[in-house]
Amino acid sequence: MTQPTPLMPHATASWLVDNTALSFEQIAEFCGLHILEVQAMADDLASSKYTGRDPVRAGELNMAEIEKGQDDPNYSLVMQKAPVTVSRTKGPRYTPVSKRQDKPDGIAWILRNHPEISDAQIGKLIGTTRNTIAAIRDRSHWNIANIQPKDPVTLGLCSQRELDAIVAKAAKKAGLIDQAGDDARLGDDRVALIEELRAERDAHTKAAAEAAQEAEAAAWLEAKRAAEAAGTAEAE
């Protein structure tokens, strides 16, 4: 079974490069990084981006383990204490800062077009509080003069599938649609939604990791070529 990586892999790798004689391969393996990323840190192409994090102080390594690695380049470092996994507690849906100002517009649109949706459902869908929803409904919101109802899907606050599922669920509860015939469809929608969100998250994570790796690798290669060119020029 593969051991977990440090809580902050890049910052930990930066510290190990600066403070130990471990090989790049050992550091890359322990931190779960590509060797070219570690090489870039050693060449000062990437280390400036990260503040070094001491894995010894964090309990993830000890000096005895580091010494074993320094004595044997083929030794694989063993994590001494796995980092604590941090998970979000229950609460409003997270919305990027750039989109938070659009929430009132999305809430107003739902209140106007789907009054059957409960405040709890709106809060879960948009990631807001009951007080905010109530203030927009009774027009006591501090910025009510500038709130313009807009489709939350268009605003990027939720997906069309999420909105459709909430609307269907609220309509069924309100007796607006056939309850018996809609249960199966809602179940299918819920499963499909979960799969869609998981796929989007995995694809985004993979793309970001590959882009970062390629960028740092390209920077390292460019710097290496420049150094070789400079060395050749001096020799001539």
Side-chain angles (χ1 to χ4, degrees), residues 1-89 93-99 156 159 194-235:
M1 182 177 179
T2 305
Q3 70 176 353
T5 57
L7 184 61
M8 300 174 65
H10 290 87
T12 299
S14 180
W15 187 92
L16 291 172
V17 166
D18 292 338
N19 296 278
T20 72
L22 294 169
S23 69
F24 298 152
E25 290 86 352
Q26 288 172 309
I27 296 174
E29 180 184 9
F30 178 73
C31 295
L33 304 175
H34 193 284
I35 188 173
L36 290 180
E37 293 182 272
V38 180
Q39 176 72 60
M41 292 178 184
D43 291 340
D44 291 330
L45 297 177
S47 60
S48 59
K49 300 178 183 178
Y50 308 102
T51 300
R53 176 178 179 270
D54 185 351
V56 176
R57 178 173 295 181
E60 296 170 349
L61 279 178
N62 55 41
M63 291 309 301
E65 190 68 14
I66 291 176
E67 289 172 1
K68 287 181 183 179
Q70 293 178 146
D71 293 338
D72 180 6
N74 295 318
Y75 180 76
S76 296
L77 298 173
V78 177
M79 177 78 68
Q80 302 301 299
K81 184 182 73 173
V84 177
T85 301
V86 179
S87 59
R88 289 194 69 220
T89 57
R93 174 185 184 140
Y94 175 76
T95 304
V97 175
S98 61
K99 295 184 181 297
S159 70
I194 292 173
E195 292 178 350
E196 178 183 321
L197 293 176
R198 183 180 293 117
E200 290 178 357
R201 180 192 63 193
D202 292 344
H204 178 74
T205 300
K206 182 178 180 181
E210 290 178 348
Q213 181 176 311
E214 290 176 0
E216 292 189 3
W220 174 75
L221 290 174
E222 183 179 350
K224 183 177 181 181
R225 288 170 183 159
E228 291 175 348
T232 302
E234 290 179 359

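- Note that CD of E29 and CD1 of I27 are 11.5 Å apart. Values are rounded to the nearest 0.5 Å.
- The main-chain N or O of L77 is found under 3.5 Å from a side-chain atom of Q3 such that the two form a donor-acceptor pair.
- Annotation: the span from M8 atom CE to C31 atom SG amounts to 11.5 Å, rounded to 0.5 Å.
- Across every non-hydrogen atom of L7 and E60, the tightest pair is N-OE2, 3.3 Å.
- Considering all non-hydrogen atoms of both residues, P6 and R53 come closest at CB-NH1, 4.4 Å.
- Judged purely by atom type and a 3.5 angstrom limit, S14 has no side-chain atom pairing as donor or acceptor with the backbone of H10.
- A heavy-atom distance below 4.5 Å is not found between the side chains of L22 and F30.
- L36 contributes atom CG, which lies 10.5 Å from atom CG of D43 (distance to the nearest 0.5 angstrom).
- Looking at residues two or more places apart in sequence or on another chain, you find a side chain to side chain contact (heavy atoms under 4.5 Å, CB included) between N19 and W15.
- Between M41 and A13, the shortest heavy-atom distance links the atoms SD-CB, 3.8 Å.
- Residues Y75 and Q70 have side chains not in contact (no heavy-atom distance under 4.5 Å, counting atoms from C-beta outward).
- Distance check, rounded to the nearest 0.5 Å: CD of Q39 to CG of L33 gives 13.5 Å.
- Inter-residue side-chain proximity for Q26 and L16 is flagged as unmet; no heavy-atom pair is nearer than 4.5 Å.
- For Q80, the side chain to side chain contact (heavy atoms under 4.5 Å, CB included) partners are N62, E65, V78, not counting sequence neighbours.
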